Structures are given as C-alpha cells and as structure tokens.
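Down below is the structure, laid out as structure tokens.
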Amino acid sequence: MHASFVDILPLIMLGGLLGLDVVGFPQAMISRPLVAATLGGALVGGAGAGLLVGALLELFALETLPFGASRYPEWGSASVVAGGMYASQPPDQVGALALAVLLALALAQIGGLSMISLRRLNARWANRRAAALERGSGRAVARLQVAGLTADFVRASIVATGGLVVGTLLIPTVLAEWRGTEELARSGTVAVAIAVAAAAGWKLFHAVQGGRLFFLGGLGAGLTLLLVLL
C-alpha cells in the first residue's frame with residue numbers, strides 16, 4: 001500500500017469516528033470489528049476483504065467484556081486499519097491476512113491503553129471544574145462533554161494514523177520475505193481465532209446464568225437465517 005496522507009485521510013477519519021463509538025458517542029455498535037473492518041476495506045475498494053478480516057477479529061473480540069471502567073482493547077480504530085490494509089493488498093497475497101489480523105490485535109491493545117489515559121485526562125478536567133459542577137452549571141457539563149468527545153476522536157485518529165503508518169511501512173517488507181503457502185497462513189490464523197472464541201464462550205457459559213441456552217438459541221437463529229438466505 002503506497003499511499004500519501006491524502007489517500008489514507010478517509011481511513012484516519014473513519015478510525016476516529018468508530019473509535020469514538022466504543023465509549024463516547026453514539027455507542028451504536030458500529031465500532032464492532034465486523035462493521036469497522038468492512039467499512040475500512042470499502043474505503044479502499046475491497047469491502048469483501050474487510051469483511052473477512054472483521055469476521056476473524058470478531059472472534060478475538062468475543063473475549064472482550066467492556067463493562068464499566070474495566071480495561072479492554074479498542075477494536076474500532078484497529079479494525080478500520082486492518083480492513084483497509086488487507087483490502088489494499090493484491091488478492092491472495094500470501095500472509096496478508098495474518099499480518100492484518102496481527103496488526104489489529106496489537107493496535108487494539110494500544111488503543112485500549114490510550115483510553116485509560118483519556119479517562120485520567122477527563123478526570124483532571126472534571127476536577128478543575130468541580131466548583132462549577134457542584135453549583136449545577138450546565139455550561140460546565142456541556143464543556144466537559146464536548147472536550148471529552150473531541151479528545152476521544154483525536155485519540156482514536158492518532159491510533160489509526162499510527163497503525164496505518166506502521167502497516168504501510170512494514171507489511172509490504174514482511175510480505176516480500178514471507179515463506180510458506182497462503183493455505184497454511186490462513187488456516188493458522190483462523191485456528192487461533194476459533195480457539196480464542198471457544199475459550200471466551202466457555203468462560204461465558206460458566207459465568208452467565210443461562211449462557212448456554214442463549215448461545216444455542218443464537219446459533220439456531222443464525223443457521224436458520226443462513227439457510228433462508230441460501
């Protein structure tokens with residue numbers, strides 16, 4: 001992917017918007033890997049390739065339980081980068097899928113750490129306006145909300161930019177030295193993703209009351225929908 005800043009700017013903006021969706025606004029699930037990676041791929045003309053990456057990342061994301069102030073990966077901007085990077089590679093490029101997934105996993109962790117820093121920054125801003133907040137100042141609340149949302153968008157945009165720069169510089173170099181078949185690379189990536197998803201499902205079955213029934217119900221509904229569409 002040999003691109004200028006103008007070429008990757010749409011991916012950066014999309015990464016910022018979908019990173020914002022994770023916690024800030026609108027929390028509409030558009031930051032899920034399946035959606036984010038597909039949109040990232042579509043921006044470079046390969047929605048199908050983005051969808052493939054997103055499906056694999058979704059299996060990894062099943063391990064994530066974003067409750068309250070818990071620490072978790074930030075999949076929105078990471079998935080956009082992975083979808084865009086994979087879709088920009090030549091079709092059936094050996095190792096491209098594995099590298100796109102690996103890049104997303106690393107970037108999601110970095111994004112998660114950046115969210116922790118943002119929470120601390122928001123807390124400092126709130127402390128500075130503590131007196132106004134105690135008086136019930138609507139203006140203080142509005143300013144904090146706007147500042148927090150803006151900072152979150154900037155945070156996710158920076159994460160996406162860093163991921164795109166690293167991916168653009170490293171992925172072609174690594175692919176040029178890649179040895180092995182595409183079948184082996186893909187099967188290995190899929191096997192790891194399935195193992196992580198299975199472990200996450202097993203944990204949920206034992207932690208959530210009725211989890212097995214919900215899983216079986218969802219699986220049955222999904223298979224039924226698939227048969228209908230086919």
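Computed from a prediction, not measured in an experiment: that's the story for all the values here.
Side chains of Q93 and W178 form no contact here, defined as non-hydrogen atoms less than 4.5 Å apart. Residues L57 and V101 are in side-chain contact: their nearest non-hydrogen atoms beyond the backbone lie under 4.5 Å apart. A 4.5 Å side-chain heavy-atom check between L52 and R186 finds at least one atom pair inside the cut-off. A 4.5 Å side-chain heavy-atom check between D152 and F25 finds every atom pair outside the cut-off. In this structure, V159 and R155 have side chains that are in contact, with non-hydrogen atoms separated by less than 4.5 Å. Taking 4.5 Å as the limit, every side-chain heavy atom of L103 sits out of range of all side-chain heavy atoms of Y86. When side chains are defined from C-beta on, L133 counts as touching L144, because their heavy atoms get closer than 4.5 Å.
Rounding to the nearest 0.5 Å places CG of L97 at 13.0 Å from CE of M85. With rounding to the nearest 0.5 Å, the separation of CG in L14 from OG in S79 is 10.5 Å. To the nearest 0.5 Å, the span separating OG on S77 from CG on L11 amounts to 11.5 Å. Atoms OG1 and CG, on T189 and L59 in that order, are 11.5 Å from each other to the nearest 0.5 Å.
Connection of L99 to V166 is not established within any shared hydrophobic cluster, with ILVMFWY side chains joined at heavy-atom distances below 4.5 Å, either directly or through further cluster members. Under a hydrophobic clustering in which Ile, Leu, Val, Met, Phe, Trp and Tyr are joined whenever their side-chain heavy atoms come within less than 4.5 Å, directly or via other members, L34 and F60 fall into different clusters. In the hydrophobic clustering of this structure, V165 does not group with L113; members are Ile, Leu, Val, Met, Phe, Trp, Tyr whose side-chain heavy atoms approach within less than 4.5 Å, directly or through other members. Grouping the Ile, Leu, Val, Met, Phe, Trp and Tyr side chains by contacts below 4.5 angstrom, directly or via other members, places L118 apart from L20. There is a path of hydrophobic side-chain contacts, each under 4.5 Å, that joins I171 to L43.
Side-chain atoms of N127 come within 3.5 Å of backbone N or O of A123 as a donor-acceptor pair. Between the D21 side chain and the S31 main chain, a donor and an acceptor come within less than 3.5 Å of each other. Judged purely by atom type and a 3.5 angstrom limit, T150 has no side-chain atom pairing as donor or acceptor with the backbone of A147. Judged by distance alone, the side chain of E74 and the main-chain N or O of G76 form a donor-acceptor pair under 3.5 Å.
Listed here is the closest heavy atom pair of A151 and W125: CB-CH2, 3.9 Å. Contact detail for P73 and Q109: the closest heavy-atom pair is CG-NE2, 3.4 Å. Contact record, A197 with L62: CB-CD1, 3.7 Å, taken as the closest heavy-atom pair. A49 approaches A87 most closely through the heavy-atom pair CB-CA, 3.8 Å. Considering all non-hydrogen atoms of both residues, L18 and V80 come closest at CD1-CG2, 3.6 Å. Shown here for S157 and G16, the closest heavy-atom pair between the two residues is OG-CA, 3.4 Å.
Screening V35, L105, L107 for a side-chain contact (heavy atoms from CB on, under 4.5 Å) involving W75 leaves a single residue, L105.
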